[in-house]
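These notes concern the structure reproduced below.
Start at 1 and go down the list; that is how both ligands and their atoms are numbered.
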Amino acid sequence: MLDLATTKVHDEARQGEQFAPFTNDPNIYGKRFYIESYGCQMNFADSEVVAAILNKEGFGATRNVEEADLIFVNTCSIREKAEQTVRKRLTDFKRLKNEKPGTLIGVLGCMAERLKSKFLEEEKLVDIVVGPDAYRSLPRLVNEASDGQKSVNVLLSREETYADIAPVRLNSNGVSAFVSIMRGCNNMCSFCVVPFTRGRERSRDAASIIGECRDLFEQGYKEVTLLGQNVDSYHYISNDGTEADAVSFASLLEQVARISPELRVRFSTSHPKDITDDVLHTMAAYENICKCIHLPVQSGSTRVLQLMNRTYTREWYMKKVDRIREILPECSITTDIIAGFCTETNEDHQDTLSIMDYSNYVYGYMFYYSERPGTLAQRRYQDDIPLEVKKKRLQEIIEKQNQLSLNDYKKDVGQTYKVLIDGDSKRSSEQWVGRTSQNKVVIFPKQDNATHKKGDYVQVTINDCTQATLFGSIA
Ligand code: 5AD
Ligand code: SF4
C-alpha cells in the first residue's frame with residue numbers, strides 16, 4: 001500500500017499497528033507492555049494516552065510481543081469484521097501465554113465496552129477488560145490482575161477527556177500528530193455502535209488543547225489533526241464559566257491556527273448537520289488550516305438517510321457541498337458510504353452513486369452494512385439486503401470513487417502545490433513523500449545539494465498521477 005494520508009478515518013495501513021518503544025528512553029523497567037491498535041484515529045490517539053499512563057507507573061513499552069509482560073489490544077466494534085480480526089489476534093496471544101504463563105492480556109477500547117465481562121467468560125485467556133473512559137484505572141487493574149484476579153472497568157463517564165495527560169506519541173514521524181478534542185457522540189445514527197461504546201459527548205478543556213498543540217509545534221511538529229467523533233459540535237465551557245464564555249469549534253480552530261502560520265491544522269470528523277459557515281470562513285481566513293473536509297454522506301437517498309437517522313436530506317447535503325465550494329473553492333471533500341443498509345432499493349443505490357458525482361469526492365471510505373448488536377437499526381429494522389447484493393453495490397460504489405479520484409488527481413497535473421514533507425518515500429530514500437493542503441500524497445525526487453528535510457514546506461509541480469498519488473518535482 002502507498003504512503004497513506006494521515007487523517008483517514010480507518011487507515012487500513014495502520015490496523016494492528018504496534019507501539020514503538022520510547023526513543024532514547026534511559027529508564028530501566030521492571031515490566032514491559034505491548035499494545036496493538038485497531039479502528040479509528042481516536043483509538044490510536046487513545047493508545048497514546050494509555051502509553052502515557054502506563055509509562056508514568058513505571059512500565060516500559062516494547063514492540064516485541066514476546067518480551068512483553070502485558071499485552072494490550074485496543075479494539076474496534078464498528079463492523080463485525082473488525083471484531084473478528086481482534087478475536088483472531090487474541091488466539092495468537094493465547095499461544096504466547098501458554099508458553100509464558102505470567103503474561104497478562106488486556107482488551108481495551110470499544111469491544112471491551114460492548115462485551116464487558118462477557119469477554120472474560122468467552123475468551124478465557126483475557127485478564128483485563130477496560131473501556132475507553134477507564135484508562136486511568138489501568139495501573140490498579142494491572143496490579144489486581146497480577147494477583148490473579150480478573151479485572152474489569154467499563155464505566156463510561158460524562159466528564160473524562162484525559163485533558164491533563166500528555167500522550168506519548170506512537171510511531172510518529174515527528175511531523176504530524178493527532179490531538180483529541182472531544183470524546184463520545186450524541187448523534188444516534190441508527191447503524192452505529194459508537195454512542196454505546198464511547199458514551200456521551202464531552203469537549204476537552206480548550207486551554208489544554210491549545211497547550212498541547214503549542215508544545216507539539218515547539219517540539220518540531222508541523223501538523224496537528226484535531227480529532228473527535230463529531231468535531232463540529234465541540235462546545236467547551238469551563239467549570240466557572242457561563243454560556244457566554246463557551247468556546248465553539250470555529251473559535252478553537254482559529255486559536256490553534258494562530259499558534260504559528262508554519263503549523264498546519266486539520267480536523268476530523270465533521271457531521272454535515274453541524275459544520276457551520278463560521279467554520280468554513282475560519283478555514284478560508286487561515287492559509288494553514290488545510291483545505292480538506294471529511295464529510296460522511298452514508299447514503300444519497302433521503303429515505304435511507306431518514307432510516308439511518310442522519311437528520312439531513314439528500315438536497316440539504318448537496319447544499320452543504322455547494323456552500324463549501326462557494327467559500328472554499330480549493331477544498332477537497334472526502335466521505336464515508338454504507339452500501340446495502342436495511343430496505344435499500346436499487347433506486348436508493350443509484351441516488352448514492354449520483355450524489356458521489358455531485359460531491360466529487362477526492363476519497364471515500366466505503367463499506368457494506370454490518371448489523372451491530374444493540375443499535376437502533378438492529379432493534380428496529382431487518383437486515384434484509386442479501387450479502388451478494390450488498391457486495392455488488394459496494395463494488396459499484398468503489399468503482400465510481402476510483403474514477404472520481406483519478407479524474408480529480410489528473411486535474412492537478414501541471415499545477416504547483418505547497419507540500420509538507422513527511423519523510424522518505426517508502427519506495428526509495430532518494431524520494432520524498434509529502435502532502436498538499438488537500439491531503440493528497442505527493443512523491444518527488446530529492447534535489448542534489450538541497451538542504452530540505454522532513455517537516456519542511458516545498459513547492460512541488462505535479463507531472464503525473466495515479467488515483468491515489470501525485471508525482472512531481474520541486475519547483
Ligand atoms: N456497518 C457498516 N459501516 C458502518 N459504519 C459505521 N457503522 C457501520 C455499520 N454498522 C461506517 C460509517 C462511519 C464509518 C466510521 O464507519 O460509514 O462513518
Ligand atoms: Fe472508533 Fe467506532 Fe471503532 Fe470505537 S467502534 S474504535 S469509536 S470506529
Side-chain angles (χ1 to χ4, degrees), residues 7-12 14-17 36-47 50 73-86 107-115 130-133 154 156 178 180 182-201 227-231 268-273 294-300 304-305 307-310 334-342 344 352 356 361 363-381 383 385 387 390-391 393-394 397-398 401:
T7 48
K8 291 191 170 172
V9 184
H10 274 236
D11 187 336
E12 289 306 323
R14 291 195 74 185
Q15 301 302 303
E17 188 173 277
E36 209 172 89
S37 310
Y38 294 86
C40 62
Q41 296 298 358
M42 286 295 292
N43 241 24
F44 286 81
D46 279 3
S47 291
V50 167
V73 192
N74 198 352
T75 61
C76 172
S77 287
I78 199 109
R79 283 169 291 275
E80 200 182 339
K81 203 168 143 239
E83 292 203 350
Q84 281 165 358
T85 311
V86 167
V107 177
L108 315 179
C110 291
M111 225 173 138
E113 193 61 50
R114 196 177 82 69
L115 293 164
V130 192
D133 284 347
V154 286
L156 285 174
F178 295 92
S180 161
M182 61 195 302
R183 301 180 70 81
C185 184
N186 286 359
N187 298 325
M188 274 288 177
C189 298
S190 63
F191 50 78
C192 191
V193 77
V194 175
F196 306 97
T197 60
R198 287 190 168 263
R200 305 292 292 169
E201 195 171 280
L227 285 183
Q229 251 80 32
N230 186 9
V231 288
S268 188
T269 291
S270 295
H271 192 299
K273 78 173 164 57
H294 186 62
L295 197 71
V297 65
Q298 314 296 2
S299 166
V304 173
L305 287 168
L307 293 179
M308 288 177 162
N309 203 21
R310 289 291 287 176
T334 59
T335 202
D336 293 347
I337 299 176
I338 299 177
F341 188 64
C342 313
E344 187 188 74
T352 298
M356 291 174 72
Y361 300 119
Y363 189 86
Y365 295 88
M366 301 158 281
F367 318 97
Y368 63 76
Y369 175 57
S370 158
E371 186 178 80
R372 307 310 294 131
T375 54
L376 289 181
Q378 184 258 328
R379 284 182 277 148
R380 282 191 197 155
Y381 315 123
D383 180 12
I385 308 300
L387 187 60
K390 286 182 181 174
K391 285 189 173 167
R393 289 182 186 163
L394 176 61
I397 289 171
I398 292 172
Q401 186 53 53

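The backbone of Tyr368, and not its side chain, has at least one atom closer than 4.0 Å to an atom of ligand 1 (non-hydrogen atoms only; backbone = N, CA, C, O). The part of Gln298 lying near ligand 1 is the side chain, judged by heavy-atom distances below 4.0 Å. At a heavy-atom cutoff of 4.0 Å, ligand 2 is contacted by the side chain of Cys110 but not by its backbone. Residue contacts with ligand 1, taken as heavy atom pairs separated by less than 4.0 Å, involve Phe367 solely via side-chain atoms from C-beta onward. Contact annotation: for Ile78 versus ligand 2, heavy atoms closer than 4.0 Å belong to both the backbone and the side chain. The proximity of Ile78 to ligand 1, defined as any non-hydrogen pair under 4.0 Å, involves the side chain as well as the backbone.
Side chain of Arg183 to backbone of Pro132: a donor-acceptor contact under 3.5 angstrom is found. Between the side chain of Arg198 and the main chain of Cys185, no donor-acceptor pair closer than 3.5 Å is present. Looking only at distances, a side-chain donor or acceptor of Arg393 sits under 3.5 Å from a matching main-chain atom of Glu344. Side chain of Thr352 to backbone of Gly300: a donor-acceptor contact under 3.5 angstrom is found. Using a distance-only test at 3.5 Å, with no hydrogens or angles considered, no donor-acceptor pair links the side chain of Thr334 to the main chain of Gly364. The closest donor-acceptor contact from the side chain of Ser37 to the backbone of Phe44 lies at 3.5 Å or more, if one exists at all.
Here is the list of ligand 1 atoms found below 4.0 Å of a heavy atom in Ile338: 3 (N), 4 (C), 5 (N), 12 (C), 17 (O). Atoms of ligand 1 found under 4.0 Å from any heavy atom of Arg79 (numbered from 1 in listed order, with element): 1 (N), 2 (C), 3 (N), 4 (C), 5 (N), 11 (C), 16 (O). Near Asn43, the atoms of ligand 2 lying under 4.0 angstrom from a non-hydrogen atom of the residue are 6 (S). Atoms of ligand 2 lying under 4.0 Å from any heavy atom of Val194, numbered from 1 in the order shown and given with element: 2 (Fe), 7 (S).
Considering each of Phe191, Tyr365, Phe341, the one bringing a non-hydrogen atom nearest atom 7 (N) of ligand 1 is Phe191. When Ser77, Ala82, Pro132, Cys76 are ranked by how near their heavy atoms come to atom 3 (Fe) of ligand 2, first place goes to Cys76. When Cys189, Gly364, Ser370 are ranked by how near their heavy atoms come to atom 1 (N) of ligand 1, first place goes to Ser370.
A salt bridge links Lys390 with Asp383: the closest approach of a Lys/Arg side-chain nitrogen to an acidic carboxylate oxygen falls below 4.0 angstrom.
The closest approach between any non-hydrogen atom of Arg198 and ligand 2 is below 4.0 Å. Residue Gln229 places a heavy atom less than 4.0 Å from ligand 2.
Heavy atoms of other residues, nucleotides or ligands lying less than 6.0 angstrom from OH of Tyr368 number 12 at most.
Between Asp336 and ligand 1, at least one pair of N/O atoms sits closer than 3.5 Å. Considering backbone and side-chain atoms together, Arg372 places no N or O closer than 3.5 Å to any N or O of ligand 1. Residue Tyr369 places no N or O, backbone or side chain, under 3.5 Å from any N or O of ligand 1.
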